[in-house]
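Below, chains carry the letters A, B, ... as their sequence lines are ordered, and counting in each starts from 1. Being a predicted model, the structure only gives us computed values, none of them experimental.
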There are 2 protein chains.
Amino acid sequence: MSRPYGRAMTPPLSRDRDFTTLGRALSTPARSTFLNLLMDGSRRPAGELAGAAGVSASTASGHLSVLVDAGLVISETRGRHRYYALAGPEVAAALESLGMVADAAPVSGYRRSRRAEYLAAARFCYDHLAGRLGTALTDAWVRSGWLAGRDELVLTDVGAVGLRGIGVDVDGALSARRPTTRACLDWTERRPHLAGALGAAVGTRFLDAGWVNRHRSGRGLDVTPAGHDLLRGAWGIDPLAH
Amino acid sequence: MSRPYGRAMTPPLSRDRDFTTLGRALSTPARSTFLNLLMDGSRRPAGELAGAAGVSASTASGHLSVLVDAGLVISETRGRHRYYALAGPEVAAALESLGMVADAAPVSGYRRSRRAEYLAAARFCYDHLAGRLGTALTDAWVRSGWLAGRDELVLTDVGAVGLRGIGVDVDGALSARRPTTRACLDWTERRPHLAGALGAAVGTRFLDAGWVNRHRSGRGLDVTPAGHDLLRGAWGIDPLAH
DNA sequence: GCGACATTTCGGCGTCCACCGAAGCGTTCC
DNA sequence: GGAACGCTTCGGTGGACGCCGAAATGTCGC
């Protein structure tokens, strides 16, 4: 009886977390590209993803079902399109923290590219603001006592009033099932920015109020003139400054 | 000119985070086992890891260099042994958050096993207390005002005094370069427990004071009688209760 | 120095899987 | 209803890689 190789015969010690499925899902360039594209919380049809990764439609289809099976991505059929998106905030959080590790690896040279600089200024991280805009806002709100904590972020009473004042759905965020606040380590800035239900509410408000616009390509945000006025006037932030 | 397959020819859009190296590193059962064994922050020689994963020494050696190349693991030569350990807290954090996602996948059946139950009670998560002990302590400290925040955790002045009172090196933790507090989502309890520099300081103190002992096999902690007295007397915690 | 031991490197084997094009299925548009 | 279109399934190909045992490297004990 031979077991030339294949899967390990017995899970040696116990049924610890099994990273193999997730690892496989992350382990090819095409799938990595897909996940990067979806990390801003967008939903995209299979064809667009295939084109972006430079693989045929059939190949992309196979990759996407791997991602779905791994629980990283969900799909929704809409007419003759099929839209794919990250499965949830936990997935985005996991990828983000994984990105911190990957960053330490010899990828580097990243921040040089023009497009990267653009993303570093302002972008969506799944459903909340990130990049310099995200961290600057978070810092400003800590300074003004809206958030408490240096590394971790807790909403204060003053902060609740202040955020309601600019139209953020604070009460919706407080009653949401996911954590109200979460400190998401910013991958370009390497410092925390506000995430969680409140982070999402802030992101929604910034979009709805027209203070930022999604850039056409999906990732990356443009800060509108109205947004600039608010940021500078209310908290002295200039998101274009390096 | 044919490009049968291999690596994608051009990274299509930009040099986003590249998950492929990391993914490959996670994608085999043996490497997953290694990482699980090292997640308690221990350093282990190659031979022990090989035995635990049920592979030959040569196979294990190959796997370990993959993990080192991916930046997940570091090695230290000590005499004729070579010890391996996780590369840092970020790696542990990334694996932990990845474990949350993996958990949602159809692994399940996990908490049934006896050994799993043992781990669920009390264990080390890289360098801080986790499991029911970790979350119960965190909850108790939030209740008594030592930590602020429901989801995120911030040390209060009262908390600093209290922790100093039980011998925790609070000042060392405050001046450390890594974040003082971090909310680590507990993988068995699905609720946050205290991590970061302060979490590590607490873990160190619990070990040094003899309130918990590392179990021989590495993961998993035994709460000593002295530990029980402290937990019950000071905060009304019974870590054995389900 | 010379065996015992821990670990890595090397060579060879066999399976897995990423790739593509063609065909199949369902939706949309006219 | 028929053609165009988006996506998935199927079949076939070739390179990558996980496995092992044997040999090489390096350390410890005597």
Side-chain angles (χ1 to χ4, degrees), chain A residues 1-12 19-35 43-70 73-85, chain B residues 1-12 19-35 43-70 73-85:
Chain A
M1 164 184 163
S2 71
R3 177 179 58 92
Y5 108 106
R7 333 210 142 257
M9 193 159 36
T10 56
F19 296 124
T20 56
T21 307
L22 276 158
R24 287 224 78 78
L26 299 171
S27 65
T28 82
R31 294 200 282 259
S32 184
T33 303
F34 292 170
L35 291 172
R43 298 179 324 151
R44 294 167 191 274
E48 181 184 337
L49 294 169
V55 296
S56 73
S58 59
T59 301
S61 177
H63 284 311
L64 286 167
S65 38
V66 170
L67 290 174
V68 169
D69 288 347
V73 157
I74 52 176
S75 71
E76 186 189 350
T77 307
R78 193 92 136 189
R80 60 180 165 184
H81 292 269
R82 195 165 214 166
Y83 288 91
Y84 288 88
Chain B
M1 162 186 164
S2 72
R3 177 179 57 91
Y5 108 105
R7 332 212 143 255
M9 194 159 36
T10 57
F19 297 123
T20 56
T21 308
L22 242 47
R24 286 225 77 78
L26 299 172
S27 65
T28 82
R31 294 200 282 260
S32 183
T33 302
F34 291 170
L35 291 172
R43 299 181 324 150
R44 294 165 190 274
E48 181 184 336
L49 293 170
V55 294
S56 74
S58 59
T59 300
S61 176
H63 284 310
L64 286 166
S65 39
V66 170
L67 290 174
V68 168
D69 289 346
V73 157
I74 52 175
S75 70
E76 187 189 350
T77 306
R78 192 92 136 192
R80 59 180 162 180
H81 292 267
R82 194 165 216 166
Y83 289 90
Y84 288 88

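Between His63(B) and dC19(D), a side-chain N or O to OP1/OP2 separation shorter than 4.0 Å is present. An OP1 or OP2 oxygen of dT27(C) is reached within less than 4.0 angstrom by no side-chain nitrogen or oxygen of His81(A). Phosphate proximity of dC20(C) to Thr59(A): present, with a side-chain N or O under 4.0 Å from OP1 or OP2. One finds no side-chain N or O of Tyr84(B) lying less than 4.0 angstrom from the OP1 or OP2 phosphate oxygen of dA6(C). Using a 4.0 Å cut-off, some side-chain N or O of Arg24(B) falls inside it from OP1 or OP2 of dC17(D).
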>> Before you tell me yes or no, could you show the steps for Thr59(A) and His63(A) under side chain to side chain contact (heavy atoms under 4.5 Å, CB included), namely the whole-Å CA-CA distance, both residues' side-chain angles and the distance that decides it to 0.1 Å?
In response: CA-CA 6 Å; Thr59(A) 301; His63(A) 284 311; 3.5 Å; yes

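Taking Ser65(B) as the reference, nothing meets the side chain to side chain contact (heavy atoms under 4.5 Å, CB included) condition, with sequence neighbours excluded. Applying the side chain to side chain contact (heavy atoms under 4.5 Å, CB included) rule to Ser61(B) yields no partners; only residues at least two apart in sequence or on another chain are considered. Not counting sequence neighbours, the partners of Ala50(A) by the side chain to side chain contact (heavy atoms under 4.5 Å, CB included) test are Ala60(A). Not counting sequence neighbours, the partners of Ser58(B) by the side chain to side chain contact (heavy atoms under 4.5 Å, CB included) test are Ser56(B).
Across the helix from dG1(C)-dC30(D) to dC30(C)-dG1(D), the helix axis at one end is tilted relative to the axis at the other end by 40° (nearest 10 degrees, each axis from five pairs).
Nearest heavy atoms, Arg24(B) versus Arg31(B): O-NH2, 2.8 Å.
Side-chain proximity of Arg82(A) to the nucleotides dC20(D), dT8(D), dG6(D) is greatest for dT8(D).
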>> Across nucleotides 22-30 of chain D, 5' to 3', mark each nucleotide with B, S or - according to how protein heavy atoms within less than 4.0 Å reach it.
In response: B----BS--

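Of the two residues contacting DNA chain D, namely Ala46(A) and Ala60(B), the nearest-nucleotide position lying further toward the 5' end is that of Ala46(A).
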